Amino acid sequence: MKNLFFCMAIICMHRVSFAQTKEFRINPSDKLIILRLDQVSADVVGYDGNEVIIKAISKTDKDTTGLKQLPIYGRNAIDNIINPKVQQVNNALRITVPPGNFKHLLIKVPQQAVISVEMLAFLNENKLTVNHVNEIYIGAIVGDIEVNDVAFFSISSGGAIAGRRMSDKIVLSNIRWSDEPVYLNGQPRPRIYHVGAGSASITLLVPDTLKSDIFFTSRNGRVLSGLQTTPPDAATDKSIIASQFPTDADVRHISQNGGGIKVSLSNDYGNIYLKKEGK
Amino acid sequence: MKKILIIIGLVYVWANAFSQKTSEFALHGRQLSLITKNASLEVIGTDDDKLIIESSVSETLPEIPADAAGLQLISSSIKSENGSFTPQVVKYDDKLMVINIPESQCRHYRIKVPKGGHLKIAFDISSPYGKVSFTNLSGELEASGNAPVIDFSYVTGPLTLSCGETGFSIGASTQINISHLQFKNTTYNKDTPFINIISSYADVNISLPSNIGASLQVDSQYGNLYSTLNFVTNLKMPPVKNRYYGLLNSGGRVLTINSTYGSIYIRGEKNL
C-alpha cells in the first residue's frame, strides 16, 4: 500500500511541473489552453507563434499621480517573478499562475489556440483584456473584461463567491462573427456567442450588416440598442433559452437583417448596450 | 371567485392604507436604530429631535453612461416605484427606538435625524446603482452593510462602518468616501477610534486637513495605501503583517481601516 502511494506521488509530481521565472514559455501540444489566474490583472494576446509566453509586467492599473505609496509591513517588493504550474488535463494544457509579487500579466498565446481563462481578481482595478485570439472562454470575477478581435466568446462572470460585486464592465468589439459550429471535446456544437454576468454591464458592438439573432435578459437593468432590429419579442427558441439562460429568466429576442448568428446576453444587475460597430 | 377577489382587494387597500411617502417619529433623546433593505439612503443630521423619513422616486433611475447616448431603450426590468413605504417600529423603550423599513416600492430615502444623537443604521443594496450617504452628524454613528458607494461628510465621530452580518445577495461595497471630518469633538474618548472602517473589497478614499494630528492604522492583504500627506511610519508599534502604522503631525485621533481587497487613498483637504 505504501509503495502504491509512493508511486502515485511520483506520477503526480511528474504530471505537474513548476517553474519560477521572469518569463515562462511552453510549447503546448493541445489546442485548448486553460489559464488559471488569481488576484492579478492580465492581457491575453494572440500572436503568430506556437508558444505560450507568460510574463509579469509593471503596469499601473489605476492613476495614482501625486500620491505617495506608504509601506505596508510584510509586503514583498515587486519582483515580477512568476511561478506557474503546468498540468495536462484530458485534452488540455492547464497553466496555473499563483499570486506573487506582481500585479499584471502579459500572456501571449498562439492565435489559433482555444483559450479558457479562469480568474479570480478582487481588487476593483483588476482587469482582463483579450485580443486577437481564436476562441475564448472566460469564467471570471474581475473588475472589467474587454474582449476584442476574437472568433468566438463565451463569458461567465460572477458566480458563487458572495460578497464581491462581480464584474463592473464587459465590453466586446471587433468580433470575427461566424455561424460555423464550435468543437468541444471533439464534438461539434452550435456556435452561440454568450455572456452571462452578475452585476456587470455588457456592451456589445455589432456591424450593421451582420445577420444576427440576439437573445437577452437583464433581470434588474435596461437594454439599450443602436441597432436596426426587429422590435423585441418573447424568445421562443427553447434550445437557446434552456442552455444559455437562468431557468426563470424573461428572455427577449431581436433580429437584425433577417436573423442568423446567435448571441445570448444576460445579467442580473447592470445594463446591456448594443451598439453599431463602425467600419 | 368573487369572494376571493373582494378579499384580495381588501388586503390591498389595507396594505396601502399604512404605506406612505413621509414618516415622522419623535425621538425625545432616544438612540435610533434603522434597518433598511435595497434602498439608497441620504442621511442628514438636523437640529430637530425628530426622525423624518421621506421617499424620493426621481433619484433612483440607473445612470446611463454618456457613451450610450443616442441608444434606444428596448427593454427594461427596472421595477416601478411609487415612493410608498411602510416603516415598522420594531422596538420602543425609554432609551431606544428601532425602526425597520422593509423593501418596498421606494428605493431612495432621505432620512433626517437629530444630528447629535446616537445612530445605528443597517443597509444592504444589491443594485450597482445604489448609494448611501451621511452628512452633518455629530453623535456616534454605527453603520453596517453594503452599498456600491458609501459617503461620509461633516461627521464628528466616533464612526464605525462594518460589512454587516446580514446575507447580501450580490455585492459588497466598492467605494467608501470620507471627507470634511470634524476634528473639534471635545467629548471623544482617546481609546475609541475616531473612525473605524471594516470592509472586504472597497477602495477607501479619505480627505484630511494636513495640519491635524492623526494616528493611522491600515490593514490590507491585497490593496495598497497611498497618501499625499506627510505620514511618518510609527516605528514604536510592533510590526504586524499587512499592516501600516502611521502618524500625521506626531499623531492624534485614531483612524483604523481594514479592507482586505481594497486600496486606501488619503488626500489632503483644506486646513482647519
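Here the structure is a predicted model, which means the values were calculated and not measured. All chains are named by letter (A, B, ...) in the order of the sequence lines, taking the proteins before the strands, and each is independently numbered beginning at 1.
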* Asked: What residues, two or more places apart in sequence or in another chain, satisfy side chain to side chain donor-acceptor pair (under 3.5 Å) together with A/Asn131?
  ->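 If we apply the side chain to side chain donor-acceptor pair (under 3.5 Å) test to A/Asn131, skipping adjacent residues, the hits are A/Asn148.
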By a 4.5 Å heavy-atom criterion (distance strictly below it), what part of [X] contacts chain A: side chain, backbone, both, or neither?
X        : result
B/Ile266 : backbone
B/Gln175 : neither
B/Thr260 : neither

Gap separating the [atom1] atom of [X] from the [atom2] atom of [Y], nearest 0.5 angstrom:
X        : Y        : atom1 : atom2 : answer
B/Leu73  : A/Leu224 : CG    : CG    : 5.0 Å
B/Leu71  : A/Arg222 : CG    : CZ    : 12.5 Å
A/Ile72  : B/Asp219 : CD1   : CG    : 8.5 Å
B/Ser75  : A/Asp250 : OG    : CG    : 7.0 Å
B/Arg243 : A/Arg75  : CZ    : CZ    : 13.0 Å
B/Asp203 : A/Leu123 : CG    : CG    : 7.5 Å

* May I ask you to list the residues in residues 251-261 of chain A that approach chain B closer than 4.5 angstrom, counting heavy atoms only, ordered by number? =>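 Interface residues of residues 251-261 of chain A: A/Arg252, A/Ile254.
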* What part of A/Gln39 gets closer than 4.5 Å to chain B, counting heavy atoms only: side chain, backbone, both or neither? ->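 Just the side chain, heavy atoms under 4.5 Å.
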* To do: Report yes or no: does B/Ser77 contribute a side-chain atom to a donor-acceptor pair with the main-chain N or O of A/Ser218 at less than 3.5 Å?
  =>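 Pair found, side chain donor or acceptor close to backbone of A/Ser218.
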* To do: Sort out for me which of B/Ser263, B/Ser220, B/Ser259, B/Ser227 touches chain A most, counting heavy-atom pairs under 4.5 Å.
  =>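 Option with the top pair count is B/Ser227.
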* Asked: When heavy-atom pairs shorter than 4.5 Å are enumerated against chain A, which of B/Tyr245, B/Tyr265, B/Phe231 gives the highest number?
  ->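 Looking at each of B/Tyr245, B/Tyr265, B/Phe231 in turn, B/Tyr265 comes out on top.
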* **Sub-4.5 Å side-chain heavy-atom contact between A/Lys68 and B/Leu229** =>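 A side-chain contact under 4.5 Å is absent here.
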* Quick one: ring-ring contact (aromatic ring centres under 6.0 Å, His included) partners of B/Phe194, sequence neighbours excluded? ->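 ring-ring contact (aromatic ring centres under 6.0 Å, His included) list for B/Phe194, sorted by chain: B/Phe183.
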* **Contacts of type ring-ring contact (aromatic ring centres under 6.0 Å, His included), residue B/Tyr261, not counting sequence neighbours** =>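 So B/Tyr261 forms a ring-ring contact (aromatic ring centres under 6.0 Å, His included) with A/Phe122, B/Tyr201, B/Tyr222.
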* To do: Under 4.5 Å, counting heavy-atom pairs only, tell me which of A/Gly66, A/Gly74, A/Pro71 racks up the most with chain B.
  =>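 Most heavy-atom pairs under 4.5 Å with chain B: A/Pro71.
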